[in-house]
Amino acid sequence: MLNKLLNICTALSTEKDISLLLEKILGAAMDVTNADAASIYRASENKNLVFEIVHNKSKGIHLGGKSAAPIKAGLIPLFNSDGTPDLSRVVCNAFHRMETINIADAYNDSIEFDLSGTHEFDAANQYHSKSFLTIPMKNHESEIIGVLQLINAIDRETGEITSFLKSDELIVEALASQAAVAITNRMLINHLENLFESFISLINKAIDDKSPHTGGHCNRVPDLTMMLADAVNRCSYGPLSSFTLSEEDRHELKIAGLLHDCGKITTPVHVVDKATKLEGIFDRIGLIETRAEIIFRDIKIAQSNNLISKKLASDQHQQLIEDCNFLNHCNIGVESMQDADIERVHSISANYRWEDLSGKIHPFLSNKEIENLTIRAGTLTPNERLIINHHIESTIAMLEELPWPKHLKNVPEYAGGHHERMDGKGYPKGLKRTEMSIQARCMGIADIFEALTAKDRPYKKGKTLSESLEILGKMKLGQHVDPDLFDIFIWEKVYEEYAHKFLDESQIDIVDLNKIPGYNPPPADYQFSKGV
């Protein structure tokens with residue numbers, strides 16, 4: 001018996017699932033006392049006792065806990081309508097008095113408790129509830145967190161219902177106390193984990209409020225990362241077939257995904273949200289248009305003073321309109337700038353002059369405006385790109401400062417590697433494929449694919465599935481993303497799973513896999529492991 005109790009105590013201290021923990025507590029108590037039936041009640045915050053598990057061996061009843069059958073019994077109020085403690089019911093009395101109640105015969109007329117509910121159950125189920133052992137579950141803070149009730153101790157030799165022995169009572173009291181401490185500790189851990197994840201959500205919400213155009217990214221990337229990691233875990237073919245992912249591993253990767261861009265909280269919003277090349281605190285294209293108005297005014301004044309002909313004034317005005325339209329087009333940043341386009345920007349700046357209120361003459365465009373308008377692709381200057389890229393360094397620095405527990409120790413590595421490349425040309429550390437975990441490589445693909453398909457960016461439209469997969473395929477060939485993960489991404493149709501959850505219908509087009517660069521067909525006997 002001693003060994004059995006020691007094994008039970010060890011199991012209680014290591015079990016993480018509260019429902020399974022309660023099952024073990026109840027099973028151990030029934031085993032020690034050879035009870036035929038038992039229940040566990042949990043004390044709720046609104047002053048009720050709630051049925052958690054009900055067992056009855058002879059009736060084959062198993063409700064609540066890990067069973068699929070719900071307990072239909074209602075709540076048991078711990079207090080009367082006038083606010084006084086309810087001491088008439090056995091479980092309520094044990095709760096309030098913090099004392100064990102041992103009843104030898106529930107049908108003895110001298111019993112002072114209200115057992116009408118028990119009698120009704122017996123009549124309805126052809127059962128005879130005789131002996132009761134009701135024990136409050138007191139934790140290390142002397143707080144009652146629940147009540148354990150055992151019914152009908154069975155004599156191991158005769159099979160007759162007998163009363164619960166005092167020696168059994170002492171053992172079960174110790175077991176209930178140990179169980180209460182274990183449950184309290186597990187609930188505390190659960191609360192701390194919930195608090196931690198809520199804190200992460202708070203950070204992401206701050207990034208979202210700061211930049212609504214990238215806020216959704218912080219939530220979609222973790223989802224896609226988990227989709228891909230789970231697909232790798234399922235896949236039994238190829239170089240990654242030995243990769244496994246436990247529930248703890250999944251939790252660690254999820255946390256890393258949620259925190260992968262936490263460094264963006266330090267990035268200036270006018271850089272993160274830069275929708276056009278001239279946008280800063282505001283879009284400076286408006287300043288150029290104002291200068292154009294000044295130049296047009298000067299053209300009209302020169303014409304009215306007969307300094308230039310009407311025809312020349314009209315030609316100059318038309319040219320000014322065309323040049324401004326060209327600069328507006330350059331400002332969008334969607335199409336790449338060719339050498340001729342860059343030369344024309346410089347030419348426009350040199351061809352016009354404008355005069356400020358002090359009489360000083362300026363070129364049409366400042367050097368800063370020329371630098372921005374001649375960005376070859378996108379909207380960011382090299383310096384702004386460095387500012388954006390710095391967010392990953394901030395992410396790593398922030399995460400490495402935290403005292404991660406053992407089961408989360410890889411979070412900084414997973415979160416900090418999503419901008420690395422397989423050929424070592426990524427940032428911030430220039431890691432190669434062999435220097436990165438599979439989880440970090442999963443996040444790299446997720447980060448890219450989410451960015452390609454995202455429809456909430458101010459500077460671009462969300463690409464279709466086929467367009468995004470084509471670009472991702474080119475990245476595979478260019479050693480930007482992991483080729484084996486890319487194959488599983490296609491084989492397991494992770495892109496479809498993600499699309500149905502996050503993309504607009506207009507983005508979900510027909511994908512011809514044979515047209516995707518780098519597409520590697522699975523073997524003929526490959527079994528797709530999960531439908532979408």
Side-chain angles (χ1 to χ4, degrees), residues 1-13 15 20-43 49 51-65 89-108 110-113 115 117-118 121-122 127-140 142-184:
M1 178 62 74
L2 179 59
N3 286 336
K4 184 179 290 187
L5 288 174
L6 289 174
N7 290 335
I8 290 170
C9 289
T10 300
L12 293 181
S13 64
E15 183 55 57
L20 192 54
L21 185 58
L22 293 174
E23 293 275 9
K24 288 183 176 180
I25 293 166
L26 201 61
M30 293 177 72
D31 193 26
V32 167
T33 60
N34 201 34
D36 180 58
S39 300
I40 283 186
Y41 305 81
R42 175 178 54 83
L49 287 178
F51 275 100
E52 284 289 333
I53 309 175
V54 175
H55 274 201
N56 189 305
K57 293 179 184 176
S58 59
K59 288 296 179 181
I61 297 174
H62 181 192
L63 305 176
R89 302 191 194 194
V90 178
V91 290
C92 295
N93 192 294
F95 178 91
H96 288 299
R97 294 188 182 278
M98 301 185 183
E99 295 176 352
T100 297
I101 300 173
N102 193 332
I103 298 175
D105 188 351
Y107 284 85
N108 188 323
S110 64
I111 297 297
E112 61 183 9
F113 299 106
L115 295 172
T118 297
F121 174 85
D122 287 354
Y127 191 70
H128 183 68
S129 303
K130 184 178 179 181
S131 57
F132 281 74
L133 182 62
T134 307
I135 301 175
M137 299 172 66
K138 184 189 300 184
N139 65 16
H140 57 291
S142 296
E143 177 187 8
I144 306 299
I145 67 167
V147 177
L148 169 64
Q149 187 171 72
L150 301 169
I151 303 173
N152 288 353
I154 306 299
D155 188 289
R156 297 181 190 274
E157 296 181 0
T158 66
E160 297 295 324
I161 299 175
T162 184
S163 59
F164 288 92
L165 301 176
K166 183 65 177 177
S167 58
D168 288 347
E169 180 182 321
L170 293 174
I171 292 173
V172 176
E173 283 179 340
L175 178 62
S177 177
Q178 172 74 14
V181 172
I183 291 172
T184 301

Practice task
Indicate yes or no for a side-chain donor-acceptor contact from Asn152 to the backbone of Ala37 under 3.5 Å, with no hydrogens or angles considered.
Solution key: no

Handout entry: Distance (rounded to the nearest 0.5 Å) between Ile144 CD1 and Arg97 CZ
Key = 13.5 Å

Completion exercise
Separation between CG (Asn56) and CD1 (Ile61), nearest 0.5 Å, reads 5.0 Å

Completion exercise
Closest non-hydrogen contact found for Asn102 with Glu169 is ND2-OE1, 3.1 Å

Problem - Identified side-chain contact (heavy atoms from CB on, under 4.5 Å) partner of Gln149 from the options Leu133, Ile101, Val90 - result: Val90

Exercise for the section: Taking the side chain as every heavy atom from C-beta outward, state whether Pro136 and Thr100 have any atom pair closer than 4.5 Å. Expected result: yes

Exercise for the section: Kindly indicate, with the supporting measurements, whether the criterion side-chain contact (heavy atoms from CB on, under 4.5 Å) is fulfilled by Ile145 and Arg42. Expected result: CA-CA 6 Å; Ile145 67 167; Arg42 175 178 54 83; over 6 Å; no

Practice task
For side-chain contact (heavy atoms from CB on, under 4.5 Å), just list the numbers for Ile183 and Asn139, CA-CA rounded to whole Å, side-chain angles, deciding distance to a tenth of an Å, and then say yes or no.
Solution key: CA-CA 8 Å; Ile183 291 172; Asn139 65 16; over 6 Å; no

Handout entry: Nearest heavy atoms of Ala106 and Ser129, plus distance in Å
Key = CB-O, 3.5 Å

Practice task
Give, for atom CD1 of Ile151 and atom CD1 of Ile154, the distance between the pair rounded to the nearest 0.5 Å.
Solution key: 11.0 Å

Fill in the blank from the handout: To the nearest 0.5 Å, atom CG of Leu49 lies from atom CZ of Arg89 at 9.5 Å

Practice task
Measure the spacing between OH of Tyr127 and OG1 of Thr118 and express it to the nearest 0.5 Å.
Solution key: 11.0 Å

Practice task
Give the C-alpha distance, both sets of side-chain angles, the deciding distance and a yes or no for side-chain contact (heavy atoms from CB on, under 4.5 Å) between Asp122 and Tyr107.
Solution key: CA-CA 11 Å; Asp122 287 354; Tyr107 284 85; 2.6 Å; yes

Exercise for the section: Provide the closest heavy-atom pair for Ile135 versus Glu173 in the form atom of the first, atom of the second, distance. Expected result: CD1-N, 3.9 Å

Problem - Backbone N/O of Ala180 and side chain of Thr184: donor-acceptor pair under 3.5 Å - result: yes

Handout entry: Nearest-0.5 Å distance that lies between atom CD1 in Ile103 and atom OG1 in Thr134
Key = 6.0 Å

Exercise for the section: Could you check whether the rings of Phe51 and Tyr41 sit parallel, tilted or perpendicular, using 30° and 60° as the cut-offs? Expected result: tilted

Fill in the blank from the handout: What one should report as the nearest heavy-atom pair of Val32 and Ile171 is CG1-CG2, 3.7 Å

Problem - Thr33/Asp168 under side-chain hydrogen bond (donor to acceptor under 3.5 Å, both in side chains): CA gap, chis, key distance, verdict - result: CA-CA 6 Å; Thr33 60; Asp168 288 347; 5.9 Å; no

Practice task
Tell me yes or no: between the side chains of Asp36 and Ser58, is some donor less than 3.5 Å from an acceptor?
Solution key: yes

Completion exercise
Looking only at heavy atoms, the pair that brings Phe95 and Ala43 closest together is CE1-CB, 3.7 Å

Exercise for the section: Ignoring hydrogens and angles, state whether a donor on the side chain of Asp155 or Thr162 is under 3.5 Å from an acceptor on the partner side chain. Expected result: no

Fill in the blank from the handout: Closest non-hydrogen atoms of Leu175 and Ala29, given as atom of the first, atom of the second and distance, are CD2-N, 3.6 Å

Problem - Check against side-chain contact (heavy atoms from CB on, under 4.5 Å), His55 and Glu23 - result: CA-CA 10 Å; His55 274 201; Glu23 293 275 9; 3.4 Å; yes

